[in-house]
Structure formats: structure tokens, C-alpha cells
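So the structure is just underneath, and the comments pick up after that.
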Amino acid sequence: MEEGAACIADMKRLTPTGDPARPVEFQADSQPPPAPGEALIRVEAFSVNRGETFLLEDPALGLRPGKDVAGLVVQAAADGSGPPAGARVVGHPPAAGWAEYAAVPTHSLVALQESVGAVAAAGLPLAGITALRLLRAAGAVAGRRLLLTGASGGVGHYFTELAAGAGAEITAVTATPERGARLAELGAAHVVHDLADAAGPFDVVLESTGGAALPAALARLRPEGTLIWFGQASRQSATLDFFSFFDGPQNARLRHFHYARAPYGADLETLVRLVAAGRLHPEIGRVADWSDAAAVIVDLRERRIRGKAVLTIGGSR
Ligand SMILES: NC(=O)c1ccc[n+]([C@@H]2O[C@H](COP(=O)([O-])OP(=O)(O)OC[C@H]3O[C@@H](n4cnc5c(N)ncnc54)[C@H](OP(=O)(O)O)[C@@H]3O)[C@@H](O)[C@H]2O)c1
């Protein structure tokens, strides 16, 4: 845009309100001008992640949430990288994806096969890439016993199917049988609703709920096992006791895990390929028009959605 030119509001985006009961609202905005290595996407569907609900609790000034988008390239990247105009794509921009148009770096944007719809695609990026990278962090899992807490969410469903497919014996922890039903179909060997019922010892524990669950899960680790600590959904910090390790997980490793390291294109491509091949089944617990975004975000936050929550713009399959 030329210097001094008027900024024309030609699209809508969702913007944080700071109100926990209605955490987002529509705002008129102008289409984002893509940088040379970015394509402009007309967004058809996007998903919501728990980490984004945390950011909405006390939103930073200018926060524009949205890291998971699927849609159509309306303007290819000026540097010639990435999919051409007209391509159906899924992408993982750093932010600002809850909008009619989003600028997405081509290193984190991949074309979709015809068989992969926008809703399934939008559910893939953050949770799917996290699951894939968690599996790599867990190492060689074939024949190993894994314990996964917070398993009924977006990451949990992807991780369960990927790890079971790689030969792991997974025990998944969910709040209720209903929230764990799909995990058994995706390959979980056991689904329990109380950590006390998780029959260890486990080679690897993947913990993302925090509070009392972290030491309880750790206690089920075998000596010299690994606990991968990747979240704190409860928002409660955990207390660990050095001496409790002698009751089981002596010499255990505790690994902090954060998925974020661009580029994401290669991992996104893997996820899309697995979905197209029928080897990965996005569990989309809620699909709604983005006019219902505030209610959907509250439901995700309050554990009323299983798997991923996807919002569509203008109706999408
Ligand atoms: N480190 C990273 O790089 C990274 C990346 C992505 C996500 N994460 C974190 O990993 C976790 C899973 O992510 P996600 O996208 O799958 O989230 P999600 O879809 O919201 O799932 C989280 C699950 O945690 C369970 N949970 C247990 N206790 C909870 C509590 N007190 N409050 C809320 N939820 C509770 C819920 O299952 P039940 O209701 O069945 O118990 C819920 O389904 C989150 O903590 C997220 O912040 C970390």
C-alpha cells in the first residue's frame, strides 16, 4: 500500500475482548499485505488450541490469534515460493489466522490433496505437528509402554494414533469413558479415567495436565524412564519430591517439551499425506460457523469438546 493511502476495511477478523464469557468478537480490518515469502490465503476453516485460550485470558495489546488455517491461495508468494494461486492449502502462520484472509509463510504452507477437506485440514497444524514431534521425542516406541495424560484433546488423539501405529502400547487418561471412546478405536490399548488405574510401570510418560497429575504420572514411570512434560492444562503448577523417585522412577529423565520450531512445512506435509492415505483420522469434536467462535472457545476451555474444535467461514466441508 502506498504511503498515506487510506486503509480500507475489506475483511473481518476475530479479536480478543478480555471477557472470559465472550472471549472474542468480530472486528473490521484490512487484508494483511503478504511479505515476499508469504502467500495470501482466503481462510475457509481454522482451529482453536488450548494455548490460544490461555492467551485470551489476559490478551496482550494487539494480539491476533490464529495459527491453524485451511483455505485457498488468492495471491501466491511474490518470491515464487510455495503453492500457486488457486491451490487448496493448510498452513501454520505465527498468528492472525482467525480472519477471512491470512498471510502465511510458504515454509509452513502445503497443498492439500482433493480428498482432504478444509475442516479436517484446519484441525491438523498445531496439534498434529506437536503429536508428531512428541513421538520423535519419545524415541523408538515399538513395544514400549506409554502413558498419556490429557489424552481426549487435539494432541492426544493424534498422538495416540501415530504412536499406536508405530507399535507402542498406550494407556490414555481421559476424564470420562465418553471422552476416551475414540482413543480405543485409534489404537489405545487401555483407556483409564483415574491415574490410579494406570497399570505401570511405563517406559515413557507424556504429561500435559499439571497439578497433582504430574507427580502421580511420574510415580508410574519405570526406573530410568522418561517423562516428557509438554503442558499444564489445569493451570496448576506441580510439586515434586526428590525422595519419591526412590519408590519407582529412580534415575528418571524429565524432559521439558515445546513443539515450536519453524519451518513446519515438512511435518504438515507428512500429516496431510497420512490423512489422505487413511492412516491418520483427525478427531473433530466440534465444527461451527465462526459467528459461534466465542461459545466454541469457552466450550474448549471448559473441557466440553473432544479432539479438535474447527470454525468455518462461509461453510466448508
Ligand atoms: N508443549 C507444546 O509444544 C504444546 C503444544 C500443543 C499443546 N500443548 C499443551 O498440551 C496440552 C494438550 O493440548 P491440546 O491442544 O490437545 O488441548 P485440548 O484439546 O484442550 O486437550 C487438553 C485435555 O487436557 C485434559 N485436562 C485434564 N485436566 C484438565 C484441566 N484441569 N483443565 C483442562 N483440561 C484438562 C482435558 O481432557 P479431559 O477433560 O478428558 O480430562 C482436555 O481434553 C495442553 O495443555 C496444551 O497447552 C503443548
Side-chain angles (χ1 to χ4, degrees), residues 20 23 46-57 65-68 92 94 122-138 147-163 170-184 186 188 190-198 205-217 227-238 254-262 264 267-268 271 282-287 296-311:
F46 58 87
S47 73
V48 177
N49 295 284
R50 180 158 294 272
E52 290 165 323
T53 71
F54 298 160
L55 295 177
L56 294 174
E57 287 170 6
K67 288 171 166 282
D68 294 346
H92 190 49
L124 283 174
L126 198 153
I129 294 167
T130 299
L132 201 55
R133 293 183 176 187
L134 274 172
L135 183 58
R136 291 194 192 110
L147 175 65
L148 175 67
T149 62
S152 67
V155 175
H157 282 86
Y158 289 128
F159 182 85
T160 296
E161 188 168 19
L162 291 170
I170 301 165
T171 298
V173 187
T174 65
T176 62
E178 188 277 329
R179 288 177 72 71
R182 181 73 177 133
L183 293 165
L186 293 175
H190 314 279
V191 182
V192 300
H193 317 297
D194 186 333
L195 268 168
D197 297 328
V205 169
L206 298 114
E207 212 296 292
S208 67
T209 57
L214 177 55
L227 184 143
I228 302 177
W229 188 14
F230 72 102
Q232 198 161 287
S234 67
R235 312 293 269 148
Q236 303 293 312
S237 56
L254 196 156
R255 173 173 173 183
H256 185 261
F257 173 94
H258 189 212
Y259 89 102
R261 205 172 340 100
Y264 301 101
D267 284 349
L268 258 184
L271 294 165
E283 176 65 10
I284 313 293
R286 180 81 59 84
V287 185
V296 170
I297 290 167
V298 170
D299 281 351
L300 180 74
R301 193 185 67 210
E302 302 302 324
R303 301 160 76 173
R304 292 192 285 258
I305 295 176
R306 190 176 66 175
K308 292 293 305 175
V310 175
L311 294 158

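Note that the coordinates shown come from a computational prediction; the quantities given were computed from them, not determined experimentally. One-based numbering along the sequence shown. Atoms within a ligand are numbered from 1 in the order they appear, just like the ligands themselves. Values below: every heavy atom of this structure, side chains too, minus hydrogens, waters and symmetry copies.
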Using a 4.0 Å cut-off to any heavy atom of [X], which atoms of ligand 1 qualify?
X	result
Tyr259	2 (C), 3 (O), 5 (C)
Thr174	40 (O)
Ser208	10 (O), 11 (C), 45 (O)
Leu126	5 (C), 6 (C)
Gly153	16 (O), 18 (P), 19 (O), 21 (O), 43 (O)
Phe54	47 (O)
Gly154	16 (O), 19 (O)

Of the protein's non-hydrogen atoms, which lies at the shortest distance from [atom], and what is that distance?
atom	value
atom 32 (N) of ligand 1	Ala233 O, 3.4 Å
atom 20 (O) of ligand 1	Arg50 NE, 2.5 Å
atom 8 (N) of ligand 1	Phe230 O, 3.6 Å
atom 25 (C) of ligand 1	Gly150 CA, 3.7 Å
atom 27 (C) of ligand 1	Thr209 CG2, 3.2 Å

Quiz prompt | Charged tip of Arg133 within 45° of Phe257 ring normal and under 6.0 Å | solution = no

Quiz item: Taking heavy atoms and a distance under 4.0 Å, where does Arg235 meet ligand 1: side chain, backbone, both or neither?
Solution: neither

Practice problem: Applying side-chain contact (heavy atoms from CB on, under 4.5 Å), run through Arg179 and Val191 and close with a yes or a no. | Solution: CA-CA 10 Å; Arg179 288 177 72 71; Val191 182; over 6 Å; no

Quiz item: Pick from Leu124, Leu300, Asp68: which one makes a side chain to side chain contact (heavy atoms under 4.5 Å, CB included) with Lys308?
Solution: Asp68

Option of least heavy-atom distance to [atom] (set: [options]):
atom	options	answer
atom 13 (O) of ligand 1	Thr130, Val155, Asn49	Val155
atom 33 (C) of ligand 1	Arg303, Arg301, Arg306	Arg303
atom 37 (O) of ligand 1	Ala260, Gly307, Ser152	Ser152

Practice problem: Using a strict cut-off of less than 4.0 Å between a Lys/Arg side-chain nitrogen and an Asp/Glu carboxylate oxygen, indicate whether Arg306 and Glu178 qualify as a salt bridge. | Solution: yes

Quiz item: Do Glu52 side-chain atoms and Leu55 backbone N/O form a donor-acceptor pair below 3.5 Å?
Solution: no

